[in-house]
Amino acid sequence: MAFKELRTVKSYQDGAYPFPKDEIPEKEKNSEWCLKWCEAIYASWVTDQTGTHYSKQTEMYDLRKYGAGEQNIKKYQDILLDPSENGKDTEGYLNINWDIFSVMPKFKHIIRGIFEEQEHTIVATAVDPKSIEDRDLQKLRKWFKGRYKPVIDAVNSLSGKKPEPEWLPESVDELELYQSTGGFKMAKETEIEEALTYTFYISDWKEIKRKMLDDFADVNCASLKDFTDPYTKKAKIRYVDPAKLIIQYSRHWDHRNSEFAGEIIQESITNIRKNTNLSEEELRTLAQTYNGRNSNRNLENWDPDSLSLMNNSGWKYDNFYVDVLDAEWFSVNEKFFTTRTNERGDTLTYQEFSGKRYDTEKKKTTSKRYNTVYRAKWIIGTDFVYDDGIQYDIPRPGKKEVELSFKFYKLPGRSIVSLAMPNLDQIQLTWLKLENALAMS
């Protein structure tokens, strides 16, 4: 592909970017189809038709500044240093400390401290019929040994067998109490609990939890994503900034029925080179469009000879960051199975990959639809997607159900910081007036 001028946000706000059809064969769900999905998701976000609004980004950043006690002092200077007063009562303001005086960080520390002490123990309970049967069998054996302990001890004494000491119930109540405390926990349940605990540990869950608590206090919502590390192949969790999240609108606070989601991330040119087949000329053109943006350096000379580092160790734009949409969405695919009867009258069924459909006396093709999740990374404003296709390790709460890897929870009403903003402004203005009065005196 050849990069052209990046399409702007306004072009996605004014243009038509409908969601593509899903009722197409799986082989037609290619990169071009994924690109249309990414553009439709992004266009929905910038036109405020999703659960998170593009127009609320500035407000969210302001709320976070208030929550950290770092709001812009210019707001108060415009009120107190009124040019229409012709310098009256402004001399004292020239000698005061304009630093922010805020009580909000203290209250946020208290909130965070309360919730950090409330950790929940992970408990895994198998609910499949086979596990329930095995658990009931363990319970029955324990009850049998307790009920007939004298007889069993007499038999062991005659045979010379010395069984390992174990606790046995003397009543049904003791047996039920033993079960409620995890006495009949199966090995696979313990393994699942240990695996989940390890996942939280390697994901640095404590840091993620602190960030989410801050987000709930500042902007009244929080989000994260579960994923599989492409190199270690370990399941992990990572924090997602709600200001950069795109998710379908839902009436549920936890957005459980949202069918698409995405996150605006920043990828370096080095990572894009590693994960795509773009030529160096295309990467250079892409980097040039982000020259001076996303905290990138502002390079004046883009001649290849000037951009090359010493000893051909790389390019000056290798650490440039570009905006990428990491998106995923629900889809429905179809599998085909052909049933064939051979010469001996045996019936054989196999999956049909050729795309042919048979409807004869000896061959008949049937189909089965199933839910799945697709993924793609799109360099925003271009016609290029990469790492696209069916999502890895799709969460499945049921055999026919799928889930997105993005988790988002939005509380009703306004955030704590939003409700406190008028009070915080009044405290700051009063503090500055007091300092001015002291300076003038």
Side-chain angles (χ1 to χ4, degrees), residues 45 50-54 56-71 102-124 193 195-229 234-258 260-266 325-328 393 395 397 403-421 424:
W45 180 56
T50 54
T52 52
H53 293 168
Y54 173 80
K56 296 286 186 180
Q57 277 191 311
T58 303
E59 179 184 343
M60 294 175 77
Y61 293 141
D62 288 341
L63 287 170
R64 283 174 168 170
K65 288 182 178 179
Y66 269 90
E70 299 174 351
Q71 61 263 37
S102 178
V103 297
M104 200 63 229
K106 176 182 178 181
F107 288 107
K108 285 181 60 179
H109 288 320
I110 294 173
I111 294 171
R112 190 186 305 136
I114 292 172
F115 281 95
E116 282 187 344
E117 293 177 358
Q118 298 180 2
E119 286 294 343
H120 301 279
T121 304
I122 299 173
V123 178
E193 292 175 358
L196 291 173
T197 302
Y198 178 70
T199 297
F200 281 107
Y201 172 75
I202 62 176
S203 302
D204 199 358
W205 171 247
K206 289 185 177 180
E207 180 181 346
I208 295 174
K209 184 178 179 179
R210 292 190 191 106
K211 291 181 178 179
M212 293 177 66
L213 289 172
D214 284 343
D215 283 342
F216 277 123
D218 293 335
V219 296
N220 228 33
C221 59
S223 56
L224 52 79
K225 181 184 181 182
D226 54 70
F227 69 101
T228 301
D229 190 286
K234 294 180 179 179
K236 292 184 178 181
I237 306 167
R238 67 175 175 82
Y239 166 80
V240 175
D241 186 352
K244 299 293 185 180
L245 177 72
I246 305 173
I247 193 165
Q248 185 184 29
Y249 171 78
S250 171
R251 291 186 177 182
H252 299 285
W253 294 354
D254 59 358
H255 288 64
R256 71 191 72 162
N257 59 345
S258 296
F260 65 79
E263 179 190 9
I264 308 296
I265 61 175
Q266 291 185 343
L325 173 62
D326 181 9
E328 60 183 31
D393 302 319
E403 281 185 354
L404 299 175
S405 59
F406 288 95
K407 312 300 179 186
F408 178 67
Y409 199 96
K410 186 175 184 179
L411 295 174
R414 294 166 57 187
S415 68
I416 296 173
V417 174
S418 176
L419 293 171
M421 278 180 62
L424 297 173

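- Between the side chains of Y239 and D215, at least one donor-acceptor pair of N or O atoms lies under 3.5 Å.
- Atom OH of Y54 sits in a sparse spot, with 12 or fewer heavy atoms from other residues, nucleotides or ligands closer than 6.0 Å.
- For K410, the NZ atom sits in a loose shell: 12 or fewer heavy atoms of surrounding residues, nucleotides or ligands are nearer than 6.0 Å.
- Note that OG1 of T52 is 9.0 Å distant from CD of Q57, once rounded to the nearest 0.5 Å.
- Taking the side chain as every heavy atom from C-beta outward, F408 and D254 never approach each other to under 4.5 Å.
- No side-chain heavy atom of D62 sits less than 4.5 Å from a side-chain heavy atom of M421.
- Atom CG of residue L245 and atom NZ of residue K225 lie 10.5 Å apart, to the nearest 0.5 angstrom.
- Side-chain contact between M60 and P242 is present, with heavy atoms from C-beta onward closer than 4.5 Å.
- Side-chain atoms of E70 never come within 3.5 Å of backbone atoms of K65 as a donor-acceptor pair (strictly under, hydrogens ignored).
- Atom CZ of residue F107 and atom CZ of residue R112 lie 14.5 Å apart, to the nearest 0.5 angstrom.
- For the pair N220/V417, no side-chain contact is recorded, criterion being any heavy-atom separation below 4.5 Å from C-beta on.
- Within 6.0 Å of the OH atom in Y409, the count of heavy atoms belonging to other residues, nucleotides or ligands exceeds 12.
- Residues that satisfy the salt bridge (Lys or Arg N to Asp or Glu O under 4.0 Å) test with K236, not counting sequence neighbours, are D229.
- Looking at D393 and T228, their side chains do bring a donor and an acceptor atom within 3.5 Å of each other.
- Looking at residues two or more places apart in sequence or on another chain, you find a salt bridge (Lys or Arg N to Asp or Glu O under 4.0 Å) between D241 and R64.
- Distance check, rounded to the nearest 0.5 Å: NZ of K56 to SG of C221 gives 11.5 Å.
- Among all heavy-atom pairs drawn from I122 and L196, the shortest one is CG2-CD1, 3.6 Å.
- When atom types are taken as modelled, the side chain of D226 and the backbone of A235 share no donor-acceptor pair closer than 3.5 angstrom.
- Note that the NZ atom of K244 and the CD atom of E263 stand 9.5 Å from one another [nearest 0.5 Å].
- Looking at every heavy atom in both residues, K209 comes nearest to E116 through NZ-CA, 4.0 Å.
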Next item on the list: Give the intermediate values and the outcome of side-chain contact (heavy atoms from CB on, under 4.5 Å) for residues M104 and I416.
Entry: CA-CA 10 Å; M104 200 63 229; I416 296 173; 3.9 Å; yes
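- By the side-chain contact (heavy atoms from CB on, under 4.5 Å) test, S250 is found to be paired with H252, H255, N257, S258, residues two or more places apart in sequence or in another chain being considered.
- Residues T50 and W45 form a side-chain contact, since some pair of their non-hydrogen atoms from C-beta on lies under 4.5 Å apart.
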Note to self: Walk me through whether I247 and F260 qualify under side-chain contact (heavy atoms from CB on, under 4.5 Å).
What the structure shows: CA-CA 6 Å; I247 193 165; F260 65 79; over 6 Å; no
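- Under a cut-off of 6.0 angstrom, the local environment of OH in Y198 is sparse, with at most 12 non-hydrogen atoms contributed by other residues, nucleotides or ligands.
- When all heavy atoms of P397 and P395 are compared, the pair lying nearest together is CD-O, 3.8 Å.
- Atoms CG and OG, from L424 and S418 in turn, are 10.5 Å apart once rounded to the nearest 0.5 Å.
- By the 4.5 Å heavy-atom criterion applied to side chains, K211 and D214 are not counted as neighbours.
- The shortest side-chain heavy-atom distance between R238 and F227 falls under the 4.5 Å cut-off.
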